[in-house]
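Please read the structure below before turning to the comments.
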Amino acid sequence: MVCHVWAIEGPDGLVLVDTGIGRDAMEAPWAHLGPVMLGVARPRLDPTETVVAQLAGLGFSAADVSDIVLTHLDSDHAGALADFPQARVHVHGTELDAALSPASRERLRYRSAIWAHGPRWVRHAVAGD
């Protein structure tokens, strides 16, 4: 299983598109990934494959990340939010609402441990929302 993460150099720092799985998942995979991700996708939990480690290899630190743009809040795309606590996290408002108050059928999908640190959410809307 792979989640590609884009790192874009901007005038205020790095912008990430998605985060992949983070360091916290290495310590507590059940809480951060859940049974569906662990059982079906069976991700390789290798700390050297986290975005933080990959950025360090390129000469950047977590503090260099100013913004994160999330495609959605599943753990394989947003799992490393806590690795970048100072970053603004851009997400569609409807997706954020669904993740913060999931319907019963989506409780396994969204893992609240991923945003327990209190990200700096920046809510976005699409015309017509």
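FYI, side chains are in, hydrogens and waters are out, and symmetry mates aren't considered; it's all heavy atoms of this structure. Just so we're clear, the structure is a prediction, and the values are computed from it rather than from any experiment.
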Can you confirm whether [X] sits close enough to [Y] that some side-chain heavy atom of one is under 4.5 Å from a side-chain heavy atom of the other?
X	Y	answer
Pro43	Asp76	no
Val91	Arg123	no
Leu70	Leu81	yes
Phe84	Leu14	no
Leu16	Trp6	no
Ile114	Leu73	no
Leu55	Val65	yes
Leu100	Trp115	yes

Look at the side-chain heavy atoms of Ile, Leu, Val, Met, Phe, Trp and Tyr, link any pair under 4.5 Å apart, and say whether [X] and [Y] land in one connected group.
X	Y	answer
Val52	Leu45	no
Val89	Val15	no
Val5	Val17	no
Ile68	Trp121	yes

Nearest-0.5 Å distance that lies between atom [atom1] in [X] and atom [atom2] in [Y]:
X	Y	atom1	atom2	result
His92	His72	NE2	NE2	14.0 Å
Met26	Thr48	CE	OG1	8.5 Å
Glu9	Leu58	CD	CG	9.0 Å
Glu49	Arg44	CD	CZ	4.0 Å
His90	Arg120	NE2	CZ	9.0 Å
Asp12	Ser66	CG	OG	5.5 Å

Exercise. Grab the two heavy atoms, one from Ala31 and one from Ala113, that are nearest each other, plus how far apart they are.
Key: O-CB, 3.6 Å

Quiz prompt | Distance-minimising heavy-atom pair for Ala80 and Gly22 | solution = CB-CA, 3.4 Å

For the pair [X] (side chain) and [Y] (backbone), establish whether a donor and an acceptor sit closer than 3.5 Å, ignoring hydrogens and angles.
X	Y	result
Glu106	Ala99	no
Ser101	Ala98	no
Gln86	Ala62	yes

Exercise. Applying salt bridge (Lys or Arg N to Asp or Glu O under 4.0 Å), name anything that partners Asp64, two or more places apart in sequence or on another chain.
Key: none

Exercise. Under the salt bridge (Lys or Arg N to Asp or Glu O under 4.0 Å) rule, collect the residues that match up with Arg88, sequence neighbours excluded.
Key: Asp67

Quiz item: Please, which pairs that meet side-chain hydrogen bond (donor to acceptor under 3.5 Å, both in side chains) have at least one residue in residues 19-30, sequence neighbours excluded?
Solution: Arg23-Asp83

Exercise. Apply side-chain contact (heavy atoms from CB on, under 4.5 Å) to the pair Gln54 and Phe60, showing each step before the final yes or no.
Key: CA-CA 9 Å; Gln54 295 293 313; Phe60 296 102; over 6 Å; no

